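Heads up, the thing below is written out as structure tokens.
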Amino acid sequence: MNKQDIINLLNLEPHIEGGYFRETYRDETTMMTERDGGDRPLLTSIYYLLTDDRPIDYFHQNRSPIMHYFHSGSAITYHLITPAGEWQTIKLGLNITAGEVPQLLVPSGHWKTAILEEGEYGLLGESVAPGFDYRDMKVATLNELTQLYPQHQKRLVSYIHPEKT
């Protein structure tokens, strides 16, 4: 299979953060939150695909923790910035002996970016609890992250959405 087969067979569409996605589950049970709009589903899940022509999931932040599960293709490199400003790099993939991890939890409040550095595609799944809502996601601007984390200014540019630089 190639990236176009996966896009077609899983009915994926372009995502505003980069790559492709499709929501696969949205729990009908909801929970009350203090977030804009109040209620959120208990859990949501998506397929997420990065490809050689859409290789970057640009820096963004979510109010809910997100668990990422590697499915197939090439490993995906995640860069996280913790609320305290620590830069972390983790590779999501199946080559455990090389230090890759098959699943990765990104806690709420962490900034994250993901990059497909080689290969045609990397396919993963994501589960979010409380469930994903666009009102709970913030796409980074270069100005904002530079002000928050000036120590990372030089490496941020590559991972900021072009419309946000």
Side-chain angles (χ1 to χ4, degrees), residues 1-25 43-82 85-129 131-132 134 136-142 144-146 148-149 151-165:
M1 290 214 320
N2 62 37
K3 66 184 175 189
Q4 198 57 53
D5 293 333
I6 292 171
I7 291 167
N8 293 340
L9 291 168
L10 295 178
N11 297 314
L12 304 180
E13 58 188 60
H15 197 287
I16 63 169
E17 298 165 6
Y20 299 87
F21 85 109
R22 180 171 62 89
E23 186 173 88
T24 58
Y25 180 72
L43 178 77
T44 58
S45 186
I46 65 169
Y47 285 123
Y48 191 71
L49 179 74
L50 290 177
T51 61
D52 53 3
D53 58 331
R54 289 180 63 97
I56 299 176
D57 177 27
Y58 295 101
F59 258 121
H60 62 285
Q61 182 185 63
N62 290 284
R63 292 190 66 188
S64 294
I66 300 179
M67 184 65 80
H68 302 76
Y69 303 95
F70 186 79
H71 292 312
S72 69
S74 297
I76 296 171
T77 302
Y78 279 78
H79 299 289
L80 310 178
I81 303 176
T82 70
E86 179 187 356
W87 187 284
Q88 300 173 337
T89 300
I90 302 114
K91 250 197 175 154
L92 186 69
L94 297 179
N95 191 349
I96 299 167
T97 59
E100 295 174 6
V101 296
Q103 67 181 38
L104 168 66
L105 175 67
V106 177
S108 61
H110 283 54
W111 291 96
K112 72 173 180 173
T113 184
I115 302 94
L116 178 70
E117 296 176 322
E118 62 184 11
E120 185 182 24
Y121 72 89
L123 177 65
L124 59 125
E126 295 182 5
S127 293
V128 183
F132 181 80
Y134 280 102
D136 298 339
M137 182 189 78
K138 186 177 194 181
V139 178
T141 66
L142 182 57
E144 177 180 27
L145 285 190
T146 299
L148 289 170
Y149 310 109
Q151 70 273 31
H152 302 307
Q153 182 175 3
K154 290 182 181 176
R155 54 182 161 178
L156 289 171
V157 174
S158 300
Y159 310 118
I160 301 292
H161 195 286
E163 295 175 5
K164 303 289 184 173
T165 56

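Treat the numbers as computed from the prediction; the structure is a model and nothing was measured. Just the heavy atoms: all of them, side chains too, but no hydrogens, waters or symmetry mates, feed the values below.
- Distance alone, capped at 3.5 Å, is enough to place a donor-acceptor pair between the T44 side chain and the F132 backbone.
- Contact check for E13 versus F21: side-chain heavy atoms found under the 4.5 Å cut-off.
- Of all the heavy atoms in S127 and L43, the pair that sits closest is CB-CD1, 4.0 Å.
- A 4.5 Å side-chain heavy-atom check between R155 and H79 finds every atom pair outside the cut-off.
- At most 12 heavy atoms of other shown residues, nucleotides or ligands fall within 6.0 angstrom of atom OH in Y47.
- Within the 4.5 Å cutoff, the side chain of V128 has no heavy atoms near those of the N62 side chain.
- With values rounded to the nearest 0.5 angstrom, E117 atom CD is found 13.5 Å from D52 atom CG.
- For the atom pair OH of Y48 and CD of E23, the computed distance is 15.0 Å after rounding to the nearest 0.5 Å.
- Heavy atoms only, all atoms of each residue included: L50 and D57 are closest at CD2-N, 3.9 Å.
- Remark: Q4 pairs with N8 by the side chain to side chain donor-acceptor pair (under 3.5 Å) rule, at least two apart or across chains.
- The nearest pair of heavy atoms linking M1 to I6 is CE-CG1, 3.5 Å.
- Once rounded to the nearest 0.5 Å, the distance linking CG of L123 with NZ of K3 reads 14.0 Å.
- Note that OG1 of T77 is 11.5 Å distant from CD1 of I56, once rounded to the nearest 0.5 Å.
- Minimum interatomic distance between L12 and Y20 (heavy atoms only, all atoms of both residues): CB-CB, 3.8 Å.
- What you find for L116 and S74 is that their closest heavy atoms are CD1-CB, 3.8 Å.
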Please output the side-chain donor-acceptor pairs of residues 98-112 that fall under 3.5 Å, not counting sequence neighbours, one pair per line with the distance.
| unit_1 | atom_1 | unit_2 | atom_2 | d |
| --- | --- | --- | --- | --- |
| E100 | OE1 | L94 | N | 3.2 |
| E100 | OE1 | N95 | N | 2.9 |
| K112 | NZ | H68 | NE2 | 2.6 |

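- The two atoms that bring A140 and L145 nearest to each other are CB-CD1, 3.5 Å, heavy atoms only.
- Considering CD of Q61 and CG of D136, their distance stands at 11.0 Å, rounded to 0.5 Å.
- The shortest distance between side-chain heavy atoms of L148 and I81 does not fall below 4.5 Å.
- Within the 4.5 Å cutoff, the side chain of K164 has no heavy atoms near those of the H60 side chain.
- The structure places CD1 of I115 at 9.5 Å from CD1 of I76, a figure rounded to the nearest 0.5 Å.
- Classification of the F59-W87 ring pair by plane angle, with boundaries at 30° and 60°, yields perpendicular.
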